[in-house]
2 protein chains.
Amino acid sequence: MSLLPDWLRNYRRAWLGGDITAGLIVTVMLIPQSLAYAMLAGLLPQVGLYASVLPLFAYALFGTSMTLAVGPVAVASLMTATALAPIAAAGSADYVALSVMLALLSGTLLFAAGLLRLGFIAYFLSHPVISGFISGSAVLITIGQLKSLLGVKLPSGSVVATLSALPAALPNANPVTAGIGVSALLFLWFARKYLAALLKAAGMPGRAADLAARLAPMAAVIAGTAYVAATGADQTAGVSIVGAVPAGLPSLALPSVTWKATGELLLPALLISLIGFVESVSVAQSLALKSGQRIDPNRELLGIGAANIASAFSGGYPVTGGFARSVVNFSAGAHTPAAGVISAALMGLVIAGMTGWFHYLPHSVLAATIIIAVTALIDIDTLKEAWQYDKADALSLVLTFCGVLLLGVEEGILLGVALSLAVLVWRSSHPHMAVVGRVPGSEHFRNIDRHKAETLPGLIALRVDESLYFANARMLEDKVETLVRTHPDTVCILLIMSAVNQLDATALGMLTELEKSLAARNIVLQFSEIKGPVLDRLRSTPLGRRMKDRIFLSTHQAFVAFAGSHTLPHDTASESPPWSLTH
Amino acid sequence: MSLLPDWLRNYRRAWLGGDITAGLIVTVMLIPQSLAYAMLAGLLPQVGLYASVLPLFAYALFGTSMTLAVGPVAVASLMTATALAPIAAAGSADYVALSVMLALLSGTLLFAAGLLRLGFIAYFLSHPVISGFISGSAVLITIGQLKSLLGVKLPSGSVVATLSALPAALPNANPVTAGIGVSALLFLWFARKYLAALLKAAGMPGRAADLAARLAPMAAVIAGTAYVAATGADQTAGVSIVGAVPAGLPSLALPSVTWKATGELLLPALLISLIGFVESVSVAQSLALKSGQRIDPNRELLGIGAANIASAFSGGYPVTGGFARSVVNFSAGAHTPAAGVISAALMGLVIAGMTGWFHYLPHSVLAATIIIAVTALIDIDTLKEAWQYDKADALSLVLTFCGVLLLGVEEGILLGVALSLAVLVWRSSHPHMAVVGRVPGSEHFRNIDRHKAETLPGLIALRVDESLYFANARMLEDKVETLVRTHPDTVCILLIMSAVNQLDATALGMLTELEKSLAARNIVLQFSEIKGPVLDRLRSTPLGRRMKDRIFLSTHQAFVAFAGSHTLPHDTASESPPWSLTH
């Protein structure tokens, strides 16, 4: 790995136009989003700006996606608020220091995971669980923003508490705040739904119209700010505004946080890292596929990790790759992370000289921006698909969603992971098993319950359609014992292992016991179609050595050998093997 | 199910001799063990006797094993002590009430699990994890008994604390106590190792000698009691003795325990139930196999559950099927649970009139009994076998063992379960995948890296040797993308699904995306050898419908179709398909 990233060493002048356009457009999206998400995280709006400069440079150096737009995102902001709420009061100096520490911990965890090449860990979250988690978070965020949107006081302990207090609180809403907020919300909803189509109908080229529609939040911010500045509604009507935002980045320094508080942040940091990384890699991968590029999950860990460490050093909070901005970056023509570098430079200029412009920005407009952004993340399609395809996956999704809403963000994701694993174990613990026979006139063997198939009296051929391991080993043992009891004439059990990809020590122990216990009853255990890697390991075990003459390459060979070597009770010197046809 | 259990309705007079002999011998083993294990649980010795009457009747009514000997066992006793230590002082009235509640909770959980037919849950503990747990518990118990064995004061917080205090404490040991304890230990060790052989050499029949050797603990109890009673060592030398044991069962009543304490007991009760059930079913199953009988795990849940509820109602504590006593019961000729009923009746007589006999029984003899019993449970063989066969399983065993010793009993078993699951996910998250080609002149397809096999230019046939689900879906995606990049002439990817037993929603989503993204690059995705159950579900999805003409029954058919339909770059109108031979 050279010191300069690949994209920079091989940079082509032809890419510059696209990168500059994309950088500009993403910046215009990033300004309102970074202010709004910082507010969602319980931080001052400028912290969102701080988290939008150095992290973008850091990602450009270490990441592998050409189009991922890094910075503050909704879910990580919610998780930050959730993590810090029990430890410090929102807005306090401690709270700010802890949010910086959270970014540092997340960054360090991600970077370390990247060095250890643990990128595959992200795959342990199933798609339905992620979908349920994101949808749940989106609903949680929306409900949490109602108080800023409408200018009412609402309890923020739980979703139930907030919603049940809403009807009584509504009449006390600040009418001007609510008016601004609801107007912004309607405008943004209209823009998302119809603006691109209107612009196209008015003759604007398709892609330009789509991009222009993405700038609606900036328009809402400008309009809202102008309205309050012009009417003085902050003074006359008590509209809550952003207020004075200091210019310049805070000095690069690490927060002083106690060891105890740092310890309490570890689990949240781990969960934020995990979710942030999964979100980021999903977006990066789906965009990379569109342009035939590749994402290296381990390098992505380094990239997102470096971005978070950079965020910590510049007074920011946890960041990751955002969905909406990355998509816009891609469609605006970004070729390389140069687009991100340009965004970062522009954000730097905003921080250096333009923070005064946000003074009159109403919080209710930011709340509207957040709500419109996160409701787009609510994902009903995945639930519908999962419901049709796989009820257990759908159930994991719904339970994760409910867990996030009712138990909390961290509890929800942990519940989701536990559910994924439970479903996995549950599935493979009930393996499909079939007694098979020969399809007449062929060397094919099929389930005798489904097909006309020939069996040999005394031989039971059982196919196991699952890897054998601790959670299902006894199911197989039970099945064999049941078969032996219901077929008292059995002299041979043939296990067809074509679908057994793994055989763990528990399953090996079970087979060893089973072989002995069958032998004591004069029943021979045989195997067929064992896979190479499984057979290699089986051969070196006592069971493998004892059975070495009873392992057949194919089921057909095992049947032929059995027919040839057994004098069967009703053997009448027939020339053909004594097949008996089932069904 | 009739009101009377099967074994009683069909009872044959011929069985009575064996059942009586077994019942007697087991009682002689059970008396010292029940006293000792109650001490291990932090309870008065008589509680062990209480737990050895009604539970045996209850199991005889509900269980399915003909030879399982139910009652106090070492591991459940240790777990009881661990569960209660943080809530109440050992020996206090609260402690006793909580131990009864623990039995009631365990019993109710087990009985409910039996009614819900959840017997398969026991299989979720892998054999190496159980082995590591039992061995760790055995070492923990041995170290914990040193203070009673030697008559020294030792801190009991952790293994490390106990062992590091031992050298300094040893000189302060009570010499008479230590003398009795060590003598008993040596005698019991000698008896276990050599007595049966000696008796056989002296002309005793083999089985009788084996059984007689099992009675050594009773002999040690009698000798130790007689010695203290004769010498008055309890008064003169301060030897700790059992003391006055009230006669009679406590009145049948449930303890008064607060809801809060009950809540704290739930997790321990769950773990005791799980471990107790797993132990019990393993013993019952291995004995049943020897005599060609069957164990129904769900009925076993009812049996062990009923035994624990009965234990609670008679002032006892958690019980389960014990290993050593069950084996003796079996070899002493028990035919039916009548043997257990006889033991229970005899234990009832002991409680009614013979408790005075235990007055002078030294605690150090009980400690020696416990140590000899549990050291037999330390299992090195499973570690050796697992190490040779499967390093990951061996690691789970060692970590569970260390977890029990260093973190605690409950933490150890939870760690073990987590490790089992992690190993399971880790294994299937790195599936074996092979690019295959045709074995010349056949319809067989093999790994082109291992075998001489023919491929078709433009077609990559990839076999996945694992079920596809969330933890490995992206590995497949990565593999396909890498293949496409390294083979730029690819026009078709054929996935051979013969080993895919499951396909979850995440994997389905990945395949759906992959198909689209390949199509955008003019690469066709095809499937072959999809299993029936997987295909049934795939057919109803959008992916299944889109691909319905690209799913081949056999890989051979897919190859033939490809060769027939593609005009290949170097097609020179040859008559045979343009196979290209690898290697």
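Chain A is the first sequence line, chain B the second, and so forth, proteins listed ahead of strands; every chain is numbered from 1.
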Problem - Contact leader toward chain A among B/Pro431, B/Ala392, B/Ala471, where contacts are heavy-atom pairs under 4.5 Å - result: B/Ala471
Problem - Which portion of A/Thr541 sits near chain B, non-hydrogen atoms under 4.5 angstrom - result: side chain
Exercise for the section: Report, as yes or no, whether the 6.0 Å neighbourhood of atom CG on A/Leu267 holds more than 12 heavy atoms from other residues, nucleotides or ligands. Expected result: yes
Completion exercise
One option among A/Thr482, A/Leu538, A/Asp465 has the most heavy-atom pairs under 4.5 Å with chain B, and it is A/Asp465
Practice task
Evaluate the side-chain proximity of B/Pro542 to A/Gln388: yes if any heavy-atom separation is below 4.5 Å, no if none is.
Solution key: no
Problem - Spacing of B/Ser498 atom OG and A/Glu529 atom CD [to the nearest 0.5 Å] - result: 10.5 Å
Practice task
Would you indicate whether the side-chain heavy atoms of B/Ser420 and A/Phe470 approach each other to under 4.5 Å?
Solution key: yes
Exercise for the section: Inspect the surroundings of CZ in B/Arg117 and state if more than 12 heavy atoms from other residues, nucleotides or ligands are less than 6.0 Å away. Expected result: no
Fill in the blank from the handout: Expected contact set for residues 501-509 of chain A against chain B at heavy-atom separation under 4.5 Å reads A/Asn501, A/Gln502, A/Leu503, A/Asp504, A/Ala505, A/Thr506, A/Leu508
Fill in the blank from the handout: Cut-off 4.5 Å, heavy atoms of chain B, and the answer for A/Lys531 is side chain
Exercise for the section: Mind jotting down which residue pairs meet the side-chain hydrogen bond (donor to acceptor under 3.5 Å, both in side chains) criterion with at least one end in residues 391-401 of chain B? Sequence neighbours excluded, please. Expected result: none
Exercise for the section: Could you check if a side-chain atom of A/Glu466 sits within less than 4.5 angstrom of a side-chain atom of B/Ser467, using non-hydrogen atoms only? Expected result: yes
Exercise for the section: Calculate, to the nearest 0.5 Å, the distance between atoms OH and CG belonging to B/Tyr469 and A/Asp390 respectively. Expected result: 14.0 Å
Practice task
Below 4.5 Å from any heavy atom of chain B, which atoms of A/Asn472 appear? Answer side chain, backbone, both or neither.
Solution key: neither
Problem - Toward chain B, the part of A/Ala520 with a non-hydrogen atom under 4.5 Å - result: neither
